[in-house]
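Proteins come first, then strands; the chains are lettered A, B, ... in the order of their sequence lines, and each starts at number 1.
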Amino acid sequence: MTSRARRALPELPEVETVRRDLAEVIPGRTVTKVTVSGARSVRRQDRVEFERLVTGRRFGQVSRHGKFLVLSLDDGPEALVVHLRMSGQVRLHRSSDEVAKHTHVVFDLGGFGQMRFVDPRTFGELFVDTLDDDGRPSQLVHLGPDALDDRLTAAVLHRRVTAGRRSLGLKAALLDQRVLAGVGNLYADEALFAARLRPSRPAAAFSRDDAGLVRRELRRILRAAIAARGSSFADAAYVDTRGVTGGYATRHQVYGRAGQPCPACGTTILRIVVAARGTHLCPSCQT
DNA sequence: CGCATATCCTGACTGC
DNA sequence: TGCAGTCAGGATATGC
């Protein structure tokens, strides 16, 4: 029947949804207190140092690079950087709301309430970093251009995917955040289906026309997913800042649909492993 | 150097 | 119904 595991992890559209929610309420709010109870969530720097760096600061604009959230502090050269990884959530609460299990960091925002970081698998993380002249955190310089950045033209995508690669699969290249930032397992599968390209095709056999197609379909899909506030399955691994699920899962063409007919040709959708990831594809449509 | 693999972790699911 | 075992996955470290 359908593949066993169906979970939507936060990728670009989900992180962008969180960013937009935060951008409506966070700017201008001052952090009166920070409590880090989960040591693993703050691991790039000392917990006490982290609390010192954030306490008393006022949040400015909220931006995103790939799957990283960047919350500027005091409009200065520093920012709070957040990555949700597998199961992280940034939630907005009244201070009196019950504290959910796996809440690892709590930011008190004066009379406004709290911003809380909840993360069962503890893969997610937060850290304070300095920003360069372009507003890029210093520890994120290795990231490729954001998947929705206009500067990621077909020519640039083609060059970055094929550069130096021999046998690596196309999907693995798209998942490499150094190539482009923001694409994860779900949207890689959806974009490659729409572009009619096999995930296992060697990246070296990725033509300029292929790059144009992938770029177009990826942008279309990511934008539609953002409009639907992201993808969630029954397990609600992804929810927004108020705990609400996203609506894009009903539009998935192949992801989580193994054993069901391809929406384009009716062939049974397969689930295989590519780049050590559960991968969904139509063996007829995708070459 | 390119690429594969192990690692971190919890909860959902499988099978008895 | 309960419980032990398996599996999922983003980024990174390590090994070939």
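- Listed nucleotides: B:dG11, B:dA4, B:dC8. Nearest to the side chain of A:K101: B:dG11.
- Residues that satisfy the salt bridge (Lys or Arg N to Asp or Glu O under 4.0 Å) test with A:D133, not counting sequence neighbours, are absent from this structure.
- Summarising the geometry, the separation between CG on A:D119 and C1' on B:dT10 is reported as 10 Å, rounded to the nearest angstrom.
- With distances taken from any side-chain atom of A:T122 to the nucleotides B:dT10, B:dC9, C:dG9, the minimum falls on B:dC9.
- For A:Y248, the ring-ring contact (aromatic ring centres under 6.0 Å, His included) partners two or more places apart in sequence, or in a different chain, are A:H252.
- If you chain together ILVMFWY residues whose side-chain heavy atoms come under 4.5 Å of each other, A:V274 ends up grouped with A:L270, A:I272, A:L281.
- Here A:R271 reaches the OP1 or OP2 of C:dA8: one of its side-chain N or O atoms lies under 4.0 Å away.
- Atom CZ of A:R196 has 12 or fewer neighbouring heavy atoms from other residues, nucleotides or ligands inside a 6.0 Å radius.
- Taking five base pairs at each end of the helix from B:dG2-C:dC16 to B:dC16-C:dG2 and finding the rotation axis that steps the C1' atoms of four pairs onto the next four gives two axes whose angle is 50°, to the nearest 10°.
- Rounded to whole Å, atom P of C:dG10 lies 13 Å from atom CG of A:L174.
- Proximity note for A:N185 (side chain, C-beta onward) versus C:dG10, B:dA4, B:dT10: the nearest is C:dG10.
- The distance from atom CZ of A:F123 to atom P of C:dC7 is 16 Å, rounded to the nearest whole Å.
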Pairwise N/O distances under 3.5 Å, protein to nucleotides 11-14 of chain C:
unit_1	atom_1	unit_2	atom_2	d
C:dA11	OP1	A:H83	NE2	2.8
C:dA11	OP2	A:K67	NZ	3.0
C:dA11	OP2	A:Q177	NE2	3.3

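- Straight-line distance from the NE2 atom of A:H280 to the P atom of C:dA8: 9 Å, rounded to whole Å.
- Evaluation of the ring-ring contact (aromatic ring centres under 6.0 Å, His included) rule for A:F193 yields no partner, not counting sequence neighbours.
- For the pair A:M86 CE and C:dG10 P, the interatomic distance rounds to 5 Å; values are reported in whole Å.
- When rounded to the nearest whole Å, the span between NZ of A:K171 and C1' of B:dC3 equals 17 Å.
- A cation-pi arrangement, defined by a distance under 6.0 Å to the six-membered ring centre and an angle within 45 degrees of its axis, is absent between A:R29 and A:F59.
- Residues passing the side chain to side chain contact (heavy atoms under 4.5 Å, CB included) test with A:S284, sequence neighbours excluded: A:C265, A:T267, A:C282.
- Nearest to the side chain of A:S167, among C:dG10, B:dG11, B:dC3, sits B:dC3.
- Evaluation of the side chain to side chain contact (heavy atoms under 4.5 Å, CB included) rule for A:H158 yields A:T162, A:F206, A:R208, A:A211 as partners, not counting sequence neighbours.
- What separates CG of A:L84 from C1' of C:dG9 is a distance of 14 Å, to the nearest Å.
- A:G124 comes within contact range of no nucleotide atom at all, as no heavy-atom separation falls under 4.0 Å.
- In this structure A:D119 satisfies the salt bridge (Lys or Arg N to Asp or Glu O under 4.0 Å) test with no other residue, sequence neighbours excluded.
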